[in-house]
Amino acid sequence: MCGIVGYSGIKSVENVLVNKLKLLEYRGYDSSGIAVKSGENIKVTKAKGEIANLERVVEPLEGATLGIGHTRWATHGVPCEINAHPHLSMNKEWTIVHNGVIENYSALKTELKERDYEFVSETDTEVVVNLIECYSGKPEVKYDLAAIIKACERLDGSYALAVLNRKSDKIYFAKNKCPLYCGVNDGEFMLSSDPICFVGFSNEYYVLENGEFGYYGNGKLFFCDESMRQTEKEPVKLDCSAYNFKNDFSHFMIKEIYEVKDAISNIMEYYSEKSSWRHFDEIDFKSIKNIKIVGCGTAYHAGLVGANIIERQLGAECGVYVASEYRYASTKTDKNTLAIFISQSGETADTLAAEDIACRKGAKTLAVVNVEYSTLAKTADYFLPIKAGVEIAVASTKAYVAQIVVLYLIAARIKSNLGCGETPVKGELERLKNAVTIRNIEHYKRIADELKSRRSLFMIARGADYCTALEACLKIKETSYINANAYYAGELKHGFLAIVEENFYVCVFASDEKLLSKTLANAEEAKARGAKLILTTCCDLENYNKSNFDIIIKTPKTDELLQPAADIVPWQIIAYYISVAKGLNPDKPRNLAKSVTVE
Ligand code: AGP
């Protein structure tokens with residue numbers, strides 16, 4: 001959460017910072033701010049809410065050539081101008097922007113107060129900037145960077161920092177457990193939480209490692225470790241094609257739903273190459289006695305679908321865990337475990353911590369991740385990309401389908417490596433590609449219109465269809481703030497039926513042929529109590545009473561293991577259109593951010 005940016009160069013600093021912050025807005029949009037510097041003069045501008053609010057109030061500072069900026073997702077203190085970054089030290093010698101969470105900030109604050117430091121905000125960040133100022137005053141601390149390193153040594157938690165000193169024309173930076181990248185181009189310098197900011201700036205960039213520090217100043221880019229020993233770094237090539245912006249779509253969310261099909265094509269192309277499996281194939285699958293899948297939110301739901309695929313394909317038990325639970329549970333994990341971590345961003349704090357724990361317990365860890373330069377992709381023993389392309393909207397759509405598809409391929413690959421048979425993946429993925437091709441958009445818009453004024457919705461399903469119900473609820477909740485909840489259809493009579501009343505909408509997911517009659521019988525129980533029913537199914541309904549259903553969403557049939565990937569797409573579209581119909585911004589749900597880099 002939170003995005004930071006830094007720039008030094010010849011262009012209008014304010015414009016560069018604001019424009020780059022717009023690209024990082026998906027990381028948080030409670031408030032934002034910039035600090036620009038001209039000589040010893042530092043001008044800070046902040047605004048509550050979206051970057052557009054900041055843009056409205058920013059005025060240029062004459063002679064400013066460098067600056068830092070921040071878009072915030074509040075962790076410590078409410079979203080307001082005072083808590084917005086950048087923060088200044090008490091004597092205004094230092095200015096800072098920060099992504100991450102300082103866990104021991106309270107103790108440090110007390111310590112600084114005892115040294116007569118005063119604070120204006122409720123943030124953990126203001127503690128960091130004052131700690132730097134405190135160290136910089138000590139006679140043994142000769143360099144600005146040394147003061148920053150000394151302060152960082154005291155911090156427990158995560159941070160990506162960009163720091164200015166009033167008397168210096170350098171931009172300092174530090175990284176621990178939050179992403180940070182920088183690049184140079186012909187006398188210009190850029191620092192950012194996401195390489196997306198280098199599009200149109202440079203063709204390559206540097207990836208900062210945990211525990212790395214540095215600065216840019218006087219045309220020199222310097223990296224070092226905590227002992228101020230210079231570190232050598234090779235730049236990474238920027239893949240500009242990955243950053244195709246919104247084009248003619250009104251929102252990223254709908255654009256990304258249309259890209260589901262492309263994601264499947266990319267996966268098919270990438271994984272048809274033997275070399276893509278080279279590292280993964282080195283795993284001794286015979287030694288694997290248990291498989292765990294770990295993720296958060298949508299990634300967790302993809303894991304539920306994946307576990308069903310793995311269990312059905314391999315006959316092996318596969319446990320699925322929410323990362324924030326797994327990291328504190330005593331779940332059996334050892335050297336015979338293959339632990340699969342699913343994440344779009346590869347930066348989710350709980351998932352990273354869970355991977356670290358599994359690794360320390362001796363498991364083989366596999367990252368199934370979209371952002372290929374992310375921390376999780378680097379730290380896991382094995383890494384398989386999901387090839388969905390950049391996903392900007394907070395609500396994950398194409399990444400969800402891509403995660404399921406890659407898990408499907410993983411199960412097929414393990415089966416083949418164990419000599420247990422081949423799965424005709426190519427044909428099945430072609431079928432899925434056809435199934436996710438968007439048709440009937442008007443039908444979905446009408447459903448969205450019907451549902452937009454509901455305060456709550458219920459979804460019922462059995463088996464793997466339940467994963468689709470869970471994910472549909474999550475999409476509706478986050479984009480339109482309707483309280484949507486999923487129940488196993490068989491649980492209806494055990495409590496939830498009490499809530500059903502006249503005209504209450506119950507959404508039924510029933511694509512599993514074997515369970516169809518059972519699920520539809522449960523739906524009838526709700527109907528008998530006055531519920532309105534929306535059925536999503538790929539099954540033939542010839543032998544059923546279709547008139548029981550007020551609305552039917554008929555999805556194309558795929559391999560039953562992949563059906564949840566096909567069935568979710570209509571609901572992604574419906575969630576999108578409900579949000580639009582309610583006048584909300586589906587790309588930026590309130591209180592959420594794309595990348596959850598704090599616990
Ligand atoms: C999805 O729509 C959500 N925004 C959220 O649940 C997300 O899937 C979760 O935060 C995990 O993120 P990750 O895939 O980047 O790890």
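Both counts, for ligands and for their atoms, begin at 1 and track the order of listing. When a residue number appears, it is its place in the shown sequence, counting from 1.
The salt bridge (charged side-chain N to carboxylate O under 4.0 Å, His left out) analysis of residues 366-376, with sequence neighbours excluded, yields the pairs Glu372-Lys387.
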Using residues 299-310 as the side-chain source, report each donor-acceptor pair under 3.5 Å to any protein atom, sequence neighbours left out, with the distance given to one decimal.
{"residue": "His301", "atom": "ND1", "partner": "Glu471", "partner atom": "OE1", "Å": "2.8"}

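With salt bridges taken as basic N to acidic carboxylate O contacts below 4.0 Å, none links Glu442 and Arg446.
Aromatic pair Phe198/Tyr181: ring centres not closer than 6.0 Å.
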Contact table, ligand 1 N/O with protein N/O, distance under 3.5 Å:
{"residue": "ligand 1", "atom": "2 (O)", "partner": "Thr298", "partner atom": "OG1", "Å": "3.3"}
{"residue": "ligand 1", "atom": "2 (O)", "partner": "Ser396", "partner atom": "N", "Å": "2.8"}
{"residue": "ligand 1", "atom": "2 (O)", "partner": "Lys475", "partner atom": "NZ", "Å": "3.0"}
{"residue": "ligand 1", "atom": "2 (O)", "partner": "Glu478", "partner atom": "OE1", "Å": "3.3"}
{"residue": "ligand 1", "atom": "2 (O)", "partner": "Glu478", "partner atom": "OE2", "Å": "2.4"}
{"residue": "ligand 1", "atom": "4 (N)", "partner": "Val394", "partner atom": "O", "Å": "2.9"}
{"residue": "ligand 1", "atom": "4 (N)", "partner": "Glu478", "partner atom": "OE1", "Å": "3.1"}
{"residue": "ligand 1", "atom": "6 (O)", "partner": "Thr298", "partner atom": "N", "Å": "3.3"}
{"residue": "ligand 1", "atom": "8 (O)", "partner": "Thr298", "partner atom": "N", "Å": "3.1"}
{"residue": "ligand 1", "atom": "14 (O)", "partner": "Gln344", "partner atom": "N", "Å": "2.6"}
{"residue": "ligand 1", "atom": "15 (O)", "partner": "Ser343", "partner atom": "OG", "Å": "3.4"}
{"residue": "ligand 1", "atom": "15 (O)", "partner": "Ser345", "partner atom": "N", "Å": "2.8"}
{"residue": "ligand 1", "atom": "15 (O)", "partner": "Ser345", "partner atom": "OG", "Å": "2.6"}
{"residue": "ligand 1", "atom": "15 (O)", "partner": "Thr348", "partner atom": "OG1", "Å": "3.4"}
{"residue": "ligand 1", "atom": "16 (O)", "partner": "Ser343", "partner atom": "OG", "Å": "2.6"}
{"residue": "ligand 1", "atom": "16 (O)", "partner": "Thr348", "partner atom": "OG1", "Å": "2.4"}

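When the side-chain contact (heavy atoms from CB on, under 4.5 Å) test is applied to Asp350, the partners found at least two apart in sequence or on another chain are Cys296, Ala323, Ser324, Arg327, Glu599.
Annotation: cation-pi geometry not satisfied between Arg413 and Phe280 (NZ/CZ under 6.0 angstrom from ring centroid, within 45° of ring axis).
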